[in-house]
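Everything on this sheet refers to the single structure shown next.
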Amino acid sequence: MRILQLHCDYIEFTPIKKEIKSAEEIDPQSKRFEEVVVAFIAVEDGDNPDVAAKAMTEISDSMKKIGCNKLLLYPYAHLSSKLASPSIAMSILKQMEGKANGLEIFRAPFGWTKSYKMQVKGHPLAENSKTITANGDKESTSDALKAESKIQSFWHIMTPDGKMHDVSKFDFSKHQNLEVLAKYEAAKKRSVDEPSPHVKLMKKLAIADYEPASDAGNMRFFPNGRLIKSLIEQYVTDRVTDYGGMEVETPIMYDSHHPSMESYFHRFPARQYNVHSEGKQLFLRFAACFGQFLMAKDFQMSYKNLPLKLYELTRYSFRREQSGELVGLRRLRAFTMPDCHALCKDMPQAKEEFRKRFDLSREVINGLGLDESDFEMAIRFTEDFYNENKQLIEELVRKIGKPVLVEMWKERFFYFVLKWEFNYIDNLGKASALSTDQIDVENGKRYNIEFIDENNKPQNPIILHNSPSGAVERVIYVLLEKAAMDQREGRKPMLPLWLSPTQVRVIPVKPEFLEYCEKLADKISENYVRIDVDDRNESIGKSIRDAEIEWIRYIIVIGEKEVNAKTLSIRDRKTGNVRNLTVDELVKEIKEEIKGKPFMRLNMNRGVSKRPQIMV
RNA sequence: GCCUCGAUAGCUCAGCCUGGUAGAGCGAACGCCUCGUAAGCGUUAGGCCGCGGGAUCGAAUCCCGCUCGAGGCUCCA
């Protein structure tokens, strides 16, 4: 059964003529209803009395929320392409009509062509559609997910001076990306019919691709992609370790009926993958929270141990996002997310820690090659929290130094009272969250995590949830989108040197110089540089071209001249010019540029001729 | 999830409207060339025309369903 539910100021309809033979016998008079909820209903093949009952429960539930008591059931075939037969449809509609649930119910005649006129109200809950099916055990959906659509939010812009501005009155002329984020207006330069640029790049650069044999949104990563991911993962892990995070590893699936799970599940707005095994109903984690909380519950902790920081790089977290929402590396169903929780003894400590993690997140984002101009911040909190903690919130906004989007809730819907995130706005005007942190006042208790306070009393900690970088795949997406933007504006697209699968390529002018090239590559790679050798017998022009297509930063050509000289001819992608440097000068320049970043060795055979072509 | 569009060689695509032997470039294999900063030359191999059904004497081509993808909507830690 499909239902389109509209809260109306009024509806007026007139039966015109019978559409089918079995149409109801009625007096074809116009009718008018005011302050009414109209439910357009298509009864589908397979619908039964249970469906009718369930539909009425759902309708009356939502009507209670909007405070309306008058319901008009309006048969409407056009909502479905697999309608039930008219006789069944009519009987189901009559059953619905009979289940008043305390409502005042009316029904428009079945089987008639009707003309109608209506005015739908303009509030957020006025329009709503439902699909109800017979084998309705379905999978359970998180209550939070359901609640999310009903939350009443107040949107503002906060400027670095701490002032709140009405979103509708704020001047966005200097903050166009923020405007996109605020969705106040659709991005003007949205290119239609154009696939997300990074999708093409992730394939061309042999980073990642869809795996049709898996579920949508589960990607495969080629050697280049695996290397880039590993480096980003290592970088984030290093920074979190510096901050004091202790790395742990927890299971990727959990029993849905474990008592702590069941209730948390309903506080987290996500759809999950379900796995049935030996009579157990397991679900795949959508974050590292479960594992870490269940672990922390078994720790014996004193207030002296707090703040305690647990960190896990989840490979993977799973969220069964709507299929239409999945795009390349931007939105996945299986993704790698660094997730760092801090258990804090009280709100003052939580706030202090929150500040540190804000700085940590900015450092990580900067280290990944993004700066403040690349993202827009959103900050969300409950009204109470804001009133008691204005200073903290204003401090964060001041640090970012530009206006941020504010969402304020009248009451707390989720487990957190404060949350911020950095959002990247891409070439198509899409916003996606990267780093985020939250103050969670609920799960310490739910998971029975306890520490002993100064007075020898057990307490539940406040928990911060931070991902300093956001999903690793999403970081790659952002880097590729930024490169695509460079390309579009006439600059050479590049990856940061520390993330380039090949940093230096050596090309011999003729095969007789190949041995010299190999020795040179040996020498340079000893200095932790990823260098490979084009050992194919191709023309020099062809080899250069291929290296440029791979976005390789340094290209060294070895011929007669170089063999007999102290310096190398190095083509630098950044400038497009050829420079003459000694080996030491080149190594020094590279080391300088990748300072502080992790290193991994080449993840492919050094000889280009030995590699398969990954052409996707 | 909904709407629209798409799927042909490893890759990028033409052919489809108007049904009758499957096409190109790149890549691959082999050979020639031995080359100085973005594509040297030749030969050969390579196709369940996404999958399943239908109408037709006959389908890559027309119709229906499915799968996967793209864009939009909805959604979005």
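Letters A, B, ... are given to chains in the order of the sequence lines, protein chains preceding strands, and every chain is numbered from 1. Predicted, not measured: the structure shown is a model, and the values here were computed from it. Just so it is clear, the values below take in all heavy atoms, side chains as well, and ignore hydrogens, waters and symmetry mates.
Close to B/rA38, at under 4.0 Å from its OP1 or OP2, lies a side-chain N or O of A/Arg571. The side chain of A/Lys203 contributes no N or O atom lying less than 4.0 Å from OP1 or OP2 of B/rG10. A close approach under 4.0 Å does not occur between any side-chain nitrogen or oxygen of A/Gln322 and OP1 or OP2 of B/rU74. Taking 4.0 angstrom as the limit, A/Ser539 places none of its side-chain polar atoms (N or O) nearer than this to OP1 or OP2 of B/rC35.
Residue A/Gly541 is in sugar-phosphate contact alone, with no base atom involved, counting any heavy-atom pair closer than 4.0 Å across all strands shown.
Checking B/rG71, B/rU37, B/rA39 against every side-chain atom of A/Arg545, the shortest atom distance belongs to B/rA39. Checked against B/rA39, B/rC73, B/rA38, the side chain of A/Glu548 finds its nearest nucleotide in B/rA38. Listed nucleotides B/rC35, B/rG40, B/rA38 differ in distance to A/Ile540; the shortest reach to its side chain belongs to B/rC35.
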Using nucleotides 30-34 of chain B, report all nitrogen or oxygen pairs with the protein that are shorter than 3.5 Å.
from, atom 1, to, atom 2, distance (Å)
B/rC33, N4, A/Asn537, ND2, 3.3
B/rU34, O2, A/Asn537, OD1, 3.4
B/rU34, N3, A/Asn537, OD1, 3.4
B/rU34, N3, A/Asn537, ND2, 3.0
B/rU34, O4, A/Asn537, ND2, 3.0

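Partners of A/Arg315 by salt bridge (charged side-chain N to carboxylate O under 4.0 Å, His left out), not counting sequence neighbours, listed by chain and number: A/Glu233.
B/rU44 and B/rG53 have their P atoms separated by 37 Å, given to the nearest Å.
Using bins of under 30°, 30° to 60° and over 60° for the plane-to-plane angle, the ring pair A/Tyr254/A/Phe290 lands in the tilted bin.
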